Amino acid sequence: MDWESIDTYAKKWVKEAGQMIRASFDKTLNIQTKSDPNDLVTNIDQEIEQFFISKIREIFPNHRILGEEGFGDELTSSKGIVWLIDPIDGTMNFIHQQRNFAISLGIYEGGVGKIGLVYDVVHDELYHAISGKGAYMNDKQLLPLKEVGVKESIIALNATWVLENERIDHQLLIPLVKEARGTRSYGSAALEIIFVATGRVDAYISLRLSPWDFAAGAVILEELGGIVTNLRGEKLDYLSKDSLLVAKPGLHEIILKEYLKEGKW
Ligand code: 2AM
Ligand code: CA
């Protein structure tokens with residue numbers, strides 16, 4: 001498979017989509033809710049997903065597509081080449097802030113990550129990796145990650161998971177929050193994984209994500225030695241929703257063994 005050629009198309013389309021999103025800032029958004037009043041989607045999320053799908057279908061008709069807004073295929077297996085697309089990861093930020101969101105595009109073969117693209121549209125920063133060939137921000141190569149302990153770490157997580165919630169005994173995460181140097185929450189899983197890849201934070205924890213949220217970031221992070229699993233320490237299957245623990249090497253094992261071992265997820 002000529003991954004370089006697929007990567008060239010994917011990057012071109014991501015840049016074009018970014019331009020379309022920037023142009024939308026001056027227009028009125030059509031905002032609707034999905035599963036609950038805070039689960040938002042706009043006409044731009046839908047238009048961008050449809051843009052990618054029409055391009056992929058034209059050039060790579062045998063590839064399959066899993067997109068957040070549901071215009072792609074219904075996948076029951078990870079056979080063949082699959083594009084996992086989140087046209088806007090961080091839709092609430094897109095609507096409220098016009099920043100802190102990204103396009104997330106992962107390309108997998110047989111369930112194995114081959115290409116990851118996360119485009120911070122507002123900063124014009126394209127994070128990208130082809131598996132085995134290094135990870136980059138625009139033309140700048142990213143450096144392998146170094147080990148770090150909990151006391152020197154910044155952990156990205158949403159405050160929801162330290163309040164009573166239906167997914168996790170919230171008491172479990174309190175010691176981690178207390179012992180870490182600091183916590184942050186950015187509201188875009190793809191960017192939060194990228195922040196681990198660039199060392200801006202040291203770990204990211206979420207209890208509920210979809211494959212299109214983490215597929216692209218995982219390829220980039222693993223290229224730098226970062227570890228990507230669910231909160232039970234298992235590999236992700238890229239077809240199902242799951243919890244997520246991404247972290248620098250060393251820190252991942254410490255969080256899993258010392259802080260999450262009592263967990264029921
Ligand atoms: P989204 O903006 O594409 O919906 C916010 O903490 C992060 O979690 C974002 O990456 C957001 O992606 C994702 N997210 C929000 N609600 C979600 C849900 N119901 N299922 C899966 N992921 C969700
Ligand atoms: Ca989205």
Side-chain angles (χ1 to χ4, degrees), residues 1-14 17 48-87 89 102-119 126-136 142 144-145 189-190 193-194 196-197 204 206 208-247 249 252 256 265:
M1 186 52 57
D2 183 0
W3 294 108
E4 303 272 351
S5 149
I6 297 174
D7 185 58
T8 302
Y9 277 108
K11 281 182 177 145
K12 179 170 176 287
W13 296 337
V14 164
I48 298 295
E49 180 163 315
Q50 284 167 320
F51 165 78
F52 280 117
I53 290 175
S54 70
K55 296 289 186 189
I56 297 162
R57 296 246 189 269
E58 182 193 337
I59 307 290
F60 303 111
N62 298 328
H63 295 186
R64 294 184 304 152
I65 302 164
L66 188 62
E68 168 159 27
E69 307 313 337
F71 299 108
D73 302 306
E74 292 226 349
L75 298 192
T76 50
S77 87
S78 55
K79 272 207 307 241
I81 297 181
V82 177
W83 295 58
L84 296 116
I85 303 174
D86 191 344
D89 182 61
I103 299 172
S104 176
L105 205 164
I107 309 176
Y108 280 59
E109 186 184 37
V112 178
K114 296 293 183 181
I115 292 173
L117 302 177
V118 175
Y119 187 34
L126 177 59
Y127 296 87
H128 55 102
I130 301 178
S131 181
K133 304 208 162 155
Y136 296 80
L142 301 175
L145 295 172
I193 299 168
I194 288 302
V196 180
Y204 170 56
S206 179
R208 178 193 57 177
L209 288 175
S210 299
W212 46 77
D213 296 319
F214 52 74
V219 176
I220 296 167
L221 187 78
E222 286 182 341
E223 199 56 24
L224 300 165
I227 318 283
V228 181
T229 65
N230 63 21
L231 289 184
R232 290 183 300 275
E234 301 157 348
K235 286 186 114 186
L236 304 164
D237 78 1
Y238 299 97
L239 282 182
S240 334
K241 281 187 196 259
D242 210 337
S243 59
L244 187 75
L245 169 62
V246 303
H252 185 279
L256 207 54
W265 338 100

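All values derive from a computational prediction rather than experimental measurement. Numbers here simply count residues along the sequence, with the first being 1.
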CD1 (Ile48) and CH2 (Trp13) are apart, to the nearest 0.5 Å, by 14.0 Å

Discussion item. Side chain to side chain contact (heavy atoms under 4.5 Å, CB included) for Tyr9 and Phe60? Distances and angles first, verdict last.
Written reply: CA-CA 10 Å; Tyr9 277 108; Phe60 303 111; 3.7 Å; yes

**Prompt:** If only atom types and distance count, is the side chain of Asp89 paired as donor or acceptor with the main-chain N or O of Ala189 below 3.5 Å?
**Reply:** yes

Rounded to the nearest 0.5 Å, the CD atom of Glu49 sits from the OG atom of Ser54 at a distance of 11.0 Å

>> With a 4.5 Å cut-off on side-chain heavy atoms, are Ile56 and Phe51 touching?
In response: no

d(Leu75 CG, Leu239 CG) to nearest 0.5 Å is 6.0 Å

OG of Ser206 to CG of Asp213, rounded to nearest 0.5 Å, is 8.0 Å

Is a side-chain donor or acceptor of Tyr108 paired with a backbone partner of Ala215 at a separation under 3.5 angstrom? yes

What's the verdict on side chain to side chain contact (heavy atoms under 4.5 Å, CB included) for Ile81 and Arg64, showing C-alpha distance, side-chain angles and the deciding distance?
CA-CA 6 Å; Ile81 297 181; Arg64 294 184 304 152; over 6 Å; no

Is the backbone N or O of Ala10 less than 3.5 Å from a side-chain atom of Asp7, with the two atoms forming a donor-acceptor pair by type? no

So CD of Glu69 and CD of Gln50: to nearest 0.5 Å the spacing works out to 9.5 Å

- Query: What about Phe214 and Tyr238, are their ring centers closer than 6.0 Å?
  - Reply: yes

inquiry  = Treating Ser77 as the side-chain partner and Lys79 as the backbone partner, does any N or O pair qualify as donor plus acceptor under 3.5 Å?
reply    = yes

Distance-only criterion, 3.5 Å: show the donor-acceptor pairs between side-chain atoms of residues 216-230 and protein atoms not counting sequence neighbours.
residue, atom, partner, partner atom, Å
Glu223, OE1, Gly132, N, 2.9
Glu223, OE2, Gly132, N, 3.1
Glu223, OE2, Lys133, N, 3.0
Glu223, OE2, Gly134, N, 2.7
Thr229, OG1, His252, NE2, 2.9
Asn230, OD1, Arg232, N, 2.9
Asn230, OD1, Gly233, N, 3.1
Asn230, OD1, Glu234, N, 2.9
Asn230, ND2, Glu234, OE1, 3.0
Asn230, ND2, Asp242, OD2, 3.2

* Using 30° and 60° as the class limits, which term best fits the ring planes of His63 and Trp83: parallel, tilted or perpendicular? -> tilted

- For Ile53 and Phe71, run side chain to side chain contact (heavy atoms under 4.5 Å, CB included): C-alpha distance rounded to whole Å, both residues' side-chain angles, the deciding distance at 0.1 Å, then the answer. CA-CA 8 Å; Ile53 290 175; Phe71 299 108; 3.5 Å; yes

Rounded to the nearest 0.5 Å, the CD1 atom of Ile107 sits from the CD1 atom of Ile115 at a distance of 4.0 Å

May I ask you to decide if Ile65's main-chain N or O and Asp73's side chain share a donor-acceptor pair within less than 3.5 Å?
-> yes

